[in-house]
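Throughout, residue positions are numbered sequentially from 1 according to the sequence presented.
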Amino acid sequence: MTTSVPGPAASPRYPSPPPAIRYLRLKFRLLAAISTELAFGAAWKLFTSPRRLPEKKWEPAALVGARHFGVATARGHVAAYEWNPAGRRTVLLVHGWEHRASFWGYMARELAAAGFRVVALDAPAHGASAGTRVTLPAYARAVQAVADELGEVYGVVAHSLGGAATAGVPVRFNKEKGGVLPRLVLLAVPGSTTAVARRFAQLLQLSPAVVARMNRYVREQHGRDAESFSLIHTGRTLPVGRALLLHDHDDASIPFAEAQEIAGSWPGLDFRPTSGLGHNRIMRDPGVIGQVVEFLG
């Protein structure tokens with residue numbers, strides 16, 4: 001797919017939709033007129049197919065010094081990277097939609113300098129990992145496979161869709177040591193998975209019948225409603241020692257109100273709003289990184 005349509009982690013609002021969006025809206029109207037099933041199939045494929053975006057200039061340097069390794073899963077290999085293997089505690093970094101491990105370069109470098117063993121993965125259908133499509137549960141299974149390979153995990157830092165997969169499905173850490181994750185950091189994560197799907201549907205003006213079919217498909221595949229993966233429901237039940245949430249007032253992909261909902265539903269969550277960082281810059285802002293390092297310490 002070569003259009004600029006965002007996947008499940010983003011839904012910008014256009015004052016006047018670009019040609020690619022107008023084309024897709026027309027396409028889905030025509031497909032829905034022929035068959036709800038046809039329109040659903042095309043919409044689901046688009047919803048679960050991340051673009052492999054061109055490498056940014058700063059990405060190669062982000063992986064310098066990292067050990068590249070692979071983790072085998074039932075659906076293909078997952079690429080992972082390790083910094084400071086002799087670190088005293090392991091921190092796992094989980095990226096968002098259409099990102100990859102190299103997007104954590106700034107965070108990984110500072111955490112390694114603070115003495116942590118740092119590991120980041122490429123989600124299925126992202127970076128150097130196998131596949132062309134990925135769902136939230138599939139991402140969680142990949143994170144689970146990496147976590148099981150690592151052994152004891154002290155902390156997780158997850159961004160956007162990575163946070164939804166890790167804490168919403170959720171991934172189970174340290175199963176042989178009581179199942180408790182000592183530290184969890186969430187950056188710009190969605191509060192509701194159905195709200196993410198709703199923004200996608202609104203962007204493409206999908207018919208109610210197609211949206212209903214998408215919801216039914218999730219129940220058929222996973223035996224649970226899509227909303228059951230939402231952090232506003234799962235967060236407070238997670239076996240986590242301490243959890244930190246940072247979300248920017250100016251996040252154009254995940255509304256700040258969703259972070260407020262998460263904080264309101266999760267007693268004991270340390271919620272720290274930011275300003276002027278948006279959805280992605282929050283991952284590499286020095287002030288945010290400093291707070292994360294301190295919190296994990």
Side-chain angles (χ1 to χ4, degrees), residues 7-9 48-50 52-53 55 59-60 62-105 107-109 111-112 116-177 179-187 189 221-222 229 238-240 283 296:
T48 58
S49 298
R52 291 185 185 263
L53 300 176
E55 189 174 70
E59 284 188 78
L63 299 179
V64 170
R67 178 181 73 90
H68 181 198
F69 66 100
V71 177
T73 75
R75 299 196 177 186
H77 83 279
V78 172
Y81 304 83
E82 180 186 44
W83 294 262
N84 190 29
R88 66 187 186 279
R89 290 171 170 170
T90 300
V91 174
L92 178 61
L93 308 179
V94 188
H95 68 75
W97 183 254
E98 296 184 335
H99 285 190
R100 42 197 169 240
S102 52
F103 278 59
W104 286 115
M107 183 78 72
R109 181 173 61 243
L111 287 171
F116 293 101
R117 174 198 183 201
V118 183
V119 176
L121 72 148
D122 289 335
H126 291 73
S129 290
T132 58
R133 299 174 64 180
V134 64
T135 61
L136 191 68
Y139 193 179
R141 288 193 293 270
V143 177
Q144 187 72 68
V146 173
D148 292 344
E149 181 80 8
L150 296 178
E152 186 172 356
V153 176
Y154 173 74
V156 172
V157 183
H159 176 250
S160 193
L161 179 72
T166 302
V169 173
V171 176
R172 301 298 181 185
F173 296 93
N174 306 322
K175 289 178 283 188
E176 296 182 356
K177 291 185 176 284
V180 176
L181 178 69
R183 298 288 184 272
L184 173 64
V185 179
L186 299 170
L187 305 176
V189 295
Q221 293 296 305
H222 306 294
F229 297 108
L238 295 175
V240 172
M283 298 175 66
L296 292 173

* Asked: To the nearest 0.5 Å, how far apart are CG in L53 and NE2 in H126?
  -> 8.5 Å

* To do: Would you list the pairs meeting side-chain hydrogen bond (donor to acceptor under 3.5 Å, both in side chains) in which at least one residue belongs to residues 129-139, sequence neighbours left out?
  => T48-R133

* E152 side, atom CD; L181 side, atom CG - distance, nearest 0.5 Å -> 10.0 Å

* **From M283 atom CE to L93 atom CG, the distance as rounded to the nearest 0.5 Å** => 8.0 Å

* Asked: Between atom NE2 of H68 and atom CG of D122, what is the distance when rounded to the nearest 0.5 Å?
  -> 7.0 Å

* **Pair L121-L92, side chain to side chain contact (heavy atoms under 4.5 Å, CB included): steps then yes or no** => CA-CA 8 Å; L121 72 148; L92 178 61; 4.1 Å; yes

* List for me each residue that meets side chain to side chain contact (heavy atoms under 4.5 Å, CB included) alongside H222, sequence neighbours excluded, and say none if there are none. => P137, V218, R224, F229

* Criterion side chain to side chain contact (heavy atoms under 4.5 Å, CB included) on W104 and V118, from CA distance to verdict -> CA-CA 10 Å; W104 286 115; V118 183; over 6 Å; no

* To do: Please report the shortest heavy-atom distance between A145 and V71, naming the atom on each side.
  => O-CG1, 3.8 Å

* Asked: What residues form a side chain to side chain contact (heavy atoms under 4.5 Å, CB included) with A66, not counting sequence neighbours?
  -> Y81, W83

* Is there a side chain to side chain contact (heavy atoms under 4.5 Å, CB included) between L187 and M107 once you walk through the steps? -> CA-CA 12 Å; L187 305 176; M107 183 78 72; 4.1 Å; yes

* **A62: side chain to side chain contact (heavy atoms under 4.5 Å, CB included) partners, not counting sequence neighbours** => S102

* Structure fact -> Residues V153 and P182: closest non-hydrogen pair is O-CD, 3.7 Å

* Mind jotting down which residue pairs meet the salt bridge (charged side-chain N to carboxylate O under 4.0 Å, His left out) criterion with at least one end in residues 159-173? Sequence neighbours excluded, please. => none

* Return the minimal non-hydrogen interatomic distance between A128 and H77, and the atom names on each side. => O-NE2, 2.8 Å

* Taking every non-hydrogen atom, the tightest pair across A140 and V171 -> O-CG2, 3.5 Å

* **Heavy-atom closest pair, residues A167 and L184** => CB-CD2, 4.3 Å

* Residue list, side chain to side chain donor-acceptor pair (under 3.5 Å) with Q144, at least two apart or on another chain -> D148

* Which is it for L296 and V157 under the side chain to side chain contact (heavy atoms under 4.5 Å, CB included) test, yes or no, and what are the steps along the way? -> CA-CA 9 Å; L296 292 173; V157 183; 4.0 Å; yes

* Structure fact -> With sequence neighbours left out, the residues meeting salt bridge (charged side-chain N to carboxylate O under 4.0 Å, His left out) with R89 are none

* Structure fact -> Smallest heavy-atom separation, V189 atom then G163 atom, equals CG1-CA, 3.7 Å

* Asked: Which value, rounded to the nearest 0.5 Å, describes the distance between F173 atom CZ and T166 atom OG1?
  -> 5.5 Å

* OG1 on T90 to CG on L111, rounded to 0.5 Å -> 11.5 Å

* List in chain and number order the residues that pass side chain to side chain donor-acceptor pair (under 3.5 Å) with R75, two or more places apart in sequence or in another chain; answer none if no residue qualifies. => none

* List for me each residue that meets salt bridge (charged side-chain N to carboxylate O under 4.0 Å, His left out) alongside E55, sequence neighbours excluded, and say none if there are none. => none

* **Residue pairs passing the ring-ring contact (aromatic ring centres under 6.0 Å, His included) test where at least one lies in residues 145-172, sequence neighbours excluded** => H99-H159, H159-H279

